[in-house]
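Following: one structure in structure tokens, then a few remarks.
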Amino acid sequence: MPIALLQREWREAKISAWSYAGLWIFVSAFLWAPSRDGLEAIFALTLFIPMLLLLPWRKPEFQQYGGAFTSVALAYAGWCCLTSLWGDDSGFFILQWCVLASWLAGSAWVLQKKSLDWDQLLYWFVLVGAVAALINIAVFYWSHPLAARMEGITAARAPTLVGQVFGVVILLGILLSWRTASVKRALGLSLACIPALAALGLSQSRGPLLSLVVALVLGLLWLRPKRKILLVQIAVAVLAIMALCVIFPVNQLLLERGASFRDQIWLDIIRQMCAQPGLFLSGIGISEVTQIHTSIGEYHHAHNAWLDILYRTGVIGLGLALVHLALLLWRARLHSHLAPLTLWLLYGCGCLFVDSRSLFWEIDVKWLLYWVPAALLTAGLQQLKNTDRLEAKR
């Protein structure tokens, strides 16, 4: 055993096996981890520490670590670290850069070493999500009236976060049901979506609901599912909408809350940037704690990740973030078997348009909307690229 520990191949094989299992535990933990600290602890044990023991001591292999996708993402994160020099907490953001680098490069390296059945892996994620949704609903409504906005018992505490997380479960479940050749499996996946759909509805979160509808319409046009399963799902959706209208008055759900002051927050931030044109180039600088002063009060973020990126890191930061997103979507458009991951990323971008702060931050629920699907999609695309390169050599 001591001799084996000194052999790089043996060491890499063991770390790869541990990290592969750990990666999927970490992804599923967004559904059940009790807190953000819990998510960070799981990530540290399953990926961060193993990657620190491995990646710095290997010869850099551009393609194995995610190629241009990882490079642009880390360039964006690096620029965010630089802006912290005129913001605050540089040490905190340097650590977050290392965390993001270990996730992007590590997940790409680990997943490319496996022959992946994406549908099967996502299928288990949907099943875990269904169970998590049932437990969340049961625990919350044991002590709250049915008309209350559902809050979570996991890291996704706020109603909006509950809607975002279970929106991912619904999206993946429906997309997988559209891709399977088995009617029984398709119906099973559709049934698994019902608890998550209930959780989304009970959270009364309109942003995730709208993002889900848009993502499903795009998926419908892309995947062209069988008519039979589609009709069943439409019928269930109509019944769910009717039930929602009975439980929650439509005028309360859609109209009384308005835009929840988001439009005023966005307008005030844009006015502040127009008053100081220099902010458009480099932003105010990223900081662990930033109070955004508006005409209706102080807020920790812009309630729009893209506007928040512009405000904190300027057009340079926003440009790098959008280049990363565009690279992924442009390459992924050609591969329908990666459609669930691509549409997951698009769904997340929609949710982030009406909530959240900058993409570059410590691990929290928002990772499930961007960095998790981005990393999985990167690994899938790089695996295809490596396969094409091997076939070309033959």
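The structure displayed is predicted, hence computed values, not measured ones. Along the sequence shown, the residues carry numbers beginning at 1.
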Do any N or O atoms from the side chain of W103 and from the backbone of W371 form a donor-acceptor pair under 3.5 angstrom?
yes
Mind checking whether Q96 and W361 have side chains closer than 4.5 Å, heavy atoms only?
no
Under a 3.5 Å threshold, yes or no: a donor from one side chain and an acceptor from the other, between Q264 and D268?
yes
A quick test of your reading: do over 12 heavy atoms of other residues, nucleotides or ligands sit less than 6.0 Å from CZ of F353?
no
Hey, could you give me the CG/CD distance between L111 and Q382, rounded to the nearest 0.5 Å?
12.0 Å
Counting only heavy atoms from other residues, nucleotides and ligands, does the tally under 6.0 Å from CZ of R224 exceed 12?
no
Hydrophobic cluster identity match, L346 and W330, side-chain contacts under 4.5 Å
no
With clusters defined by side-chain heavy atoms of hydrophobic residues (ILVMFWY) lying less than 4.5 Å apart, directly or transitively, does L175 cluster with L221?
no
Nearest heavy-atom neighbours spanning A148 and F140
CB-CE2, 4.2 Å
Please report the interatomic distance CD(Q63) to OG1(T70), rounded to the nearest 0.5 Å.
10.0 Å
Here the gap from F48 atom CZ to L100 atom CG, rounded to the nearest 0.5 Å, amounts to 11.0 Å
Hey, is the main chain of Q164 close enough, under 3.5 Å, to the side chain of Y347 for a donor-acceptor pair?
yes
A156 and V165: which non-hydrogen atoms are nearest, and at how many Å?
CB-CG2, 3.9 Å
Donor-acceptor pair, distance only, cut-off 3.5 Å: does the side chain of K226 make one with the backbone of A181?
yes
Walk me through whether H337 and R179 qualify under side-chain contact (heavy atoms from CB on, under 4.5 Å).
CA-CA 9 Å; H337 77 284; R179 287 161 53 87; 3.8 Å; yes
Heavy-atom side-chain proximity of R357 to R312 below 4.5 angstrom:
yes
For T160 and S205, indicate whether the former's side chain and the latter's backbone hold a donor-acceptor pair under 3.5 Å.
no
Do you know the tightest heavy-atom contact between A215 and L171?
CB-CD1, 3.8 Å
Hey, quick one: are L212 and L220 part of the same hydrophobic cluster, counting side-chain heavy atoms closer than 4.5 Å, chains of contacts allowed?
yes
Would you check if S102 and F43 make a side-chain contact, meaning some heavy-atom pair closer than 4.5 Å?
yes
Among S203, P159, C351, which residue satisfies the side-chain contact (heavy atoms from CB on, under 4.5 Å) criterion with P208?
C351
In Å and rounded to the nearest 0.5 Å, what is the CG to CZ distance from L104 to F69?
12.0 Å
Side-chain (W97) to main-chain (L74) donor-acceptor, under 3.5 angstrom
yes
Report whether V214 and I174 are members of the same hydrophobic cluster (ILVMFWY, side-chain heavy atoms less than 4.5 Å apart, transitive linking).
yes
Between H324 and Y370, how do the two ring planes meet: parallel, tilted or perpendicular, split at 30° and 60°?
tilted
Would you compute the distance between atom CD1 of I194 and atom CG of L134 and round it to the nearest 0.5 angstrom?
10.0 Å
Mind checking whether S190 and I229 have side chains closer than 4.5 Å, heavy atoms only?
yes
I'd like to know if the side chain of S336 and the backbone of A339 have a donor-acceptor N/O pair within less than 3.5 Å.
no
Side-chain cluster (under 4.5 Å, hydrophobic types only) that I135 belongs to, other residues
V131, V139, I153
Taking side chain as C-beta onward, heavy atoms only, is L31 less than 4.5 Å from V168?
no
Tell me, do T154 and N136 make a side-chain contact under 4.5 Å, heavy atoms counted?
yes
Which donor-acceptor pairs under 3.5 Å do the side chains of residues 14-24 make with protein atoms, sequence neighbours left out?
{"from": "W18", "atom 1": "NE1", "to": "L45", "atom 2": "O", "distance (Å)": "3.1"}
{"from": "S19", "atom 1": "OG", "to": "I15", "atom 2": "O", "distance (Å)": "2.9"}

Could you walk me through whether S358 and Y311 pass side-chain contact (heavy atoms from CB on, under 4.5 Å), step by step?
CA-CA 9 Å; S358 168; Y311 182 64; over 6 Å; no
From CA spacing to verdict: side-chain contact (heavy atoms from CB on, under 4.5 Å), D355, K366
CA-CA 10 Å; D355 190 45; K366 299 304 188 301; 3.3 Å; yes
L359 side chain reached by L352 side chain, heavy atoms, under 4.5 Å:
yes
Let's go through L318 and L322 carefully: what are the C-alpha distance in whole Å and the side-chain angles of both, what is the deciding distance for side-chain contact (heavy atoms from CB on, under 4.5 Å) to 0.1 Å, and is it a yes or a no?
CA-CA 6 Å; L318 180 61; L322 291 176; 3.9 Å; yes
Counting neighbours of CH2 on W86 that are heavy atoms of other residues, nucleotides or ligands and sit closer than 6.0 Å, is the number greater than 12?
yes
Under a single-linkage definition using a 4.5 Å side-chain heavy-atom cutoff for Ile, Leu, Val, Met, Phe, Trp and Tyr, are L231 and L189 assigned to the same hydrophobic cluster?
no
Rounded to the nearest 0.5 angstrom, the CG-CG distance for L329 and L343 is 9.5 Å
Shortest non-hydrogen separation from L320 to A75 and the atoms involved:
CD1-O, 3.8 Å
Honestly, is R185 close enough over Y123, meaning NZ or CZ under 6.0 Å from the six-membered ring centre and within 45° of the axis?
yes
Closest approach of C80 to F360 (non-hydrogen atoms, all atoms of both residues):
CB-CD2, 3.3 Å
Decide yes or no for L325 and L345: does some side-chain heavy atom of the first lie under 4.5 Å from some side-chain heavy atom of the second?
yes
On a heavy-atom basis, the closest approach of T313 and W79 is O-NE1, 2.9 Å
